[in-house]
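Input: a single structure, listed below in structure tokens.
A quick note: this is a predicted structure, and the numbers were derived from the prediction, not measured. In each ligand, atom 1 is the first atom listed, and ligand 1 is the first ligand listed.
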Amino acid sequence: MSKLEGKVAVISGAARGQGRAHAVAMAREGATVVAFDICEPLKTPLHPGATIEQLDETVELVRKEGQECLSAKVDARDLTELEALAKRVMSTYGRIDILVINHGIWTIGESTWALDEASWQESIDVNLTGAWKVAKAFVPRIIDGQQGGSVILTASVNGLKAQPCAPAYTATKHGVIGLMKTLAWELGEHSIRVNAICPGAIATDMTQKGGTVEKSLEYTPRFFSTDRSLLPAGWVPPETVAKTAVFLASDDSEHITGVALPVDAGWTNY
Ligand SMILES: NC(=O)c1ccc[n+]([C@@H]2O[C@H](COP(=O)([O-])OP(=O)(O)OC[C@H]3O[C@@H](n4cnc5c(N)ncnc54)[C@H](O)[C@@H]3O)[C@@H](O)[C@H]2O)c1
């Protein structure tokens with residue numbers, strides 16, 4: 001039997017990158033997928049926004065795995081839209097077992113004090129408040145199902161270690177780990193496990209398009225580094241992270257909760 005047979009997985013930021021990889025990998029293991037994304041550019045990051053066409057492509061890829069996929073253009077900052085989607089998922093599939101809070105943006109500035117206010121605020125709103133709102137809308141549905149479940153939050157290695165020139169990103173990703181730990185406490189009695197993935201250098205549009213990496217190297221050549229990996233890894237494909245997401249979603253990790261797990265080729269150990 002596949003690892004996620006009969007489960008329904010809701011994934012934020014699923015139009016491309018890691019969210020898409022999680023959707024496809026979970027479908028391959030038998031899960032029905034609900035993929036949502038803002039599908040619009042955000043105001044402050046250098047990297048480009050996702051598109052509705054990219055979200056449609058995620059749907060196609062999930063269907064190629066033989067699974068159903070419900071998709072929606074929803075902004076993680078909009079609680080009303082999130083609650084409407086949660087209602088739609090319940091009326092369509094009747095259950096939610098897995099929640100992957102994966103959406104995010106990466107903003108930078110020359111220093112913490114040079115970062116503009118809009119970048120700070122948008123990062124807090126999307127990465128941290130947005131993560132809380134997604135949890136607020138969907139977690140009660142997992143509890144109501146009384147079947148247990150798995151919540152996975154995508155933090156970052158910057159949830160564990162600072163990145164100079166990315167103060168808002170670092171602060172929000174540390175915050176995401178705090179949110180994960182609180183949820184893990186609260187949801188344990190419902191047999192719902194809550195963990196965070198802390199990806200290292202992943203080859204997605206966030207890092208490969210728009211020049212955030214290049215600008216970071218310009219701002220802080222001493223500190224911004226992708227060459228601290230202990231393994232000879234470099235930029236890894238999002239499918240590498242998806243294997244960990246499937247592990248955390250499945251019974252293979254049945255005794256694991258409250259953990260912030262780096263998928264970083266040892267970067268945080270440097
Ligand atoms: N790429 C990396 O090296 C790396 C490293 C560590 C952590 N992360 C984190 O991994 C997660 C996935 O990023 P990725 O690498 O796949 O990049 P990505 O930019 O390809 O994907 C992020 C997705 O989130 C969506 N999104 C952004 N704001 C949203 C909102 N308000 N509502 C709904 N969707 C929204 C985007 O449209 C996009 O599709 C993010 O949380 C990111 O911070 C990435």
Residue and atom name of the nearest protein heavy atom (relative to atom 18 (P) of ligand 1), distance in Å to one decimal: R16 NE, 3.4 Å
Sidechain-backbone polar pair: D205 side chain, G17 backbone, donor-acceptor under 3.5 Å: no
Ligand 1 contacted by K173 (non-hydrogen, < 4.0 Å): yes
Sub-4.0 Å atoms of ligand 1 with respect to non-hydrogen atoms of S156: 6 (C), 7 (C)
Atom 36 (C) of ligand 1: nearest protein contact (heavy atom, Å): D37 OD1, 3.5 Å
Ligand 1-proximal atoms of Y169, by part, heavy-atom distance under 4.0 Å: side chain
More than 12 heavy atoms of other groups within 6.0 Å of E117 CD: no
Mode of D75 contact toward ligand 1 - side chain, backbone, both, neither (heavy atoms, under 4.0 Å): both
Min heavy-atom dist C198 to ligand 1 below 4.0 Å: no
Contact partition for A155 relative to ligand 1, non-hydrogen atoms under 4.0 Å: backbone
Sole residue of T257, L183, I142, D97 in side-chain contact (heavy atoms from CB on, under 4.5 Å) with I192: I142
Close-contact set for ligand 1 against G17 heavy atoms, below 4.0 Å: 16 (O), 20 (O)
Verify same cluster id: V126, M180 (apolar side-chain graph, 4.5 Å): no
Per-atom contacts of ligand 1 with A50, taking only distances under 4.0 Å to non-hydrogen atoms: 37 (O), 39 (O)
Subset of ligand 1 atoms that lie under 4.0 Å from at least one heavy atom of H103: 24 (O), 26 (N), 34 (N), 35 (C), 41 (O)
Among P262, G130, A76, closest by any non-hydrogen atom to atom 32 (N) of ligand 1: A76
Closest protein heavy atom to atom 5 (C) of ligand 1, given as residue, atom name and distance to 0.1 Å: G200 O, 3.0 Å
Option of least heavy-atom distance to atom 28 (N) of ligand 1 (set: T154, T51, D205, V126): V126
Closest protein heavy atom (residue, atom, distance) for atom 6 (C) of ligand 1: P199 O, 3.2 Å
Donor-acceptor contact below 3.5 Å, side chain T58 vs main chain A15: yes
Option whose closest heavy atom lies nearest to atom 27 (C) of ligand 1, chosen from G104, G13, G19, C39: G104
Whether L55 lies under 4.0 Å from ligand 1, heavy atom: no
Rounded distance (nearest 0.5 Å) linking atom CD of Q163 with atom CG of N158: 5.0 Å
Atom pair CG/CZ of L82 and R77 - distance to nearest 0.5 Å: 11.0 Å
Stepwise side-chain contact (heavy atoms from CB on, under 4.5 Å) check, W132 with K136: CA-CA 6 Å; W132 169 72; K136 183 170 171 61; 3.5 Å; yes
Enumerated ligand 1 atoms positioned under 4.0 Å from heavy atoms of T207: 1 (N), 2 (C), 3 (O)
Numbered atoms of ligand 1 (with element) below 4.0 Å of N102, judged on heavy atoms: 11 (C), 12 (C), 40 (C), 41 (O)
Plane angle bin for W106 and Y169 - parallel if under 30°, tilted between 30 and 60°, otherwise perpendicular: tilted
Heavy atom of the protein closest to atom 44 (C) of ligand 1 (residue, atom name, distance): Q18 NE2, 3.2 Å
Any donor-acceptor N or O pair under 3.5 Å, side chains T172, S123: no
Minimum-distance pair of heavy atoms, taken over all atoms of A168 and L115: CB-CD2, 4.0 Å
Residue portion contacting ligand 1 (non-hydrogen atoms closer than 4.0 Å) for I38: both
